[in-house]
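The structure appears right after this line, and notes come after that.
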Amino acid sequence: MPEWPQYDDEEAKALLEVLNSGKWGSTSGDTVATFEREFAAYQQAGHAVCLANGTLAIAVALRAAGVGIGDEVIVPPYTFIATASAALFVGAVPVFADVDPDTHLLDPAAAEAAITERTKAIVVVHLAGRPADLDAFTALGERRGLTIVEDAAQAHGAAYKGRPVGAIGDLGTFSFQSSKNITAGEGGVVLTESAELAGAVYSLVNVGRVPGGGWYQHETVGYNLRLTEFQAAILRVQLRRHPELQALRERNARLLTDLLAPVEGIRLAPEDPAITAHGRHLFMLRVPGHRDAVLKSLTAAGIDKASPGYVPLHRNTAVLREATTITTRLNQPYPQPTCPNADKVSQDTIWLPQPYLLGTEDQTQTLATTITNAIPR
Ligand SMILES: *Cc1c(COP(=O)(O)O)cnc(C)c1O
């Protein structure tokens, strides 16, 4: 199956250019700034600020929106730990609302039911590259005065009703970590339409400096989370490769869907006309009662990167311990999470990671046949 990342001399040339320029950091070079403009245009966002990774991108987005100590942030439990730990990093409390069992995505009704007087933000995750119900979440945010953060770490190039994700909510975050569909080994970016929020993100990433301000002019307290020029140089090339690779993933995902959807015992996410482009980071399927058998067959066929996926975060004792430490100190209740759908999907879901969508038609057929034959009839 195809290797990831995919690269050639273009990346090498871009890296050498930065090396030989002697401008290795974004405080002297302009490669990060150029990539920010290019990525903002790609996702149709007003502003982009790059930073070290997708985990801190969520924390910074929350902080920029004014989320802080004791505030509640509603998150789905079926996601990477960063979605919840980001809230903890800013002293806020992640509150879990259940997912839709058909899509694995945060359920807007469950999120609304989890709102309390302490709720400040909702982090919706475009898991697997499938955009969440952004109409429902942006309306909910407006109605209840909540910040909507899109965790788009898996959703480069995804679009909802024709508009790329990331700046449809108040802020959106992406990751460029090794496994992601655009990568520089590590890295992240925050998108927003708001100049004010972009400025706040810039300051958090740049030790409290302000755009155009002095070197020792620290107007707020911020971290140093800057991306290097080397990373941005690779990202510029990877961004240029993305449309073609996304189209290939889309083709193979459609073929897999056509082959697997009719198979009894396999459940795929339903088609949704609102999803006008799928990021295709993971191909997820549910195989109730047959997960071990399918994973064993895939491994035996040399397809050993298929995965049983997440353990849901509302079962993660580290996250719960941190959250209750904060609420106990503040004499606040911690809303006890009950997320039966997340429990259910985490027991019967299989992920095929994105490199498996970069193969030939034959390889994709083999993938489907191996899965299909592992399910007893
Ligand atoms: C990868 C990922 C992150 C974190 O990004 P890093 O760059 O690895 O820190 C956050 N959320 C989701 C859903 C992810 O898949």
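Scope of the values below: all heavy atoms of this structure, side chains included, with no hydrogens, waters or symmetry mates. All ligand and atom numbering here is 1-based and tracks the order in the structure.
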Original post:
Which residues satisfy the side chain to side chain contact (heavy atoms under 4.5 Å, CB included) test with D304, sequence neighbours excluded?
Top reply: T299, Y356
**OP:** Could you verify whether a donor N or O on one side chain and an acceptor N or O on the other, from S179 and Q177, lie under 3.5 Å apart?
**Re:** yes
Original post:
Taking the six-membered ring where the residue is Trp, are the ring centres of F176 and F39 under 6.0 Å apart?
Top reply: yes
Original post:
So, are D135 and K161 salt-bridged, with charged N and O less than 4.0 Å apart?
Top reply: yes
May I have a table of the N/O to N/O pairs between ligand 1 and the protein that fall below 3.5 Å, each row giving the two atom names and the distance to 0.1 Å?
{"unit_1": "ligand 1", "atom_1": "5 (O)", "unit_2": "S175", "atom_2": "OG", "d": "3.3"}
{"unit_1": "ligand 1", "atom_1": "7 (O)", "unit_2": "G54", "atom_2": "N", "d": "2.8"}
{"unit_1": "ligand 1", "atom_1": "7 (O)", "unit_2": "S175", "atom_2": "OG", "d": "2.6"}
{"unit_1": "ligand 1", "atom_1": "9 (O)", "unit_2": "G54", "atom_2": "N", "d": "3.4"}
{"unit_1": "ligand 1", "atom_1": "9 (O)", "unit_2": "T55", "atom_2": "N", "d": "2.8"}
{"unit_1": "ligand 1", "atom_1": "9 (O)", "unit_2": "T55", "atom_2": "OG1", "d": "2.5"}
{"unit_1": "ligand 1", "atom_1": "11 (N)", "unit_2": "D151", "atom_2": "OD1", "d": "3.3"}
{"unit_1": "ligand 1", "atom_1": "11 (N)", "unit_2": "D151", "atom_2": "OD2", "d": "2.8"}
{"unit_1": "ligand 1", "atom_1": "15 (O)", "unit_2": "Q154", "atom_2": "NE2", "d": "2.8"}
{"unit_1": "ligand 1", "atom_1": "15 (O)", "unit_2": "K180", "atom_2": "NZ", "d": "3.2"}

Subject >> N-O pairing of E17 and R236 below 4.0 Å >> reply: no
**OP:** Answer yes or no: is there an ion pair linking R143 with E112, defined by an N-O contact shorter than 4.0 Å?
**Re:** yes
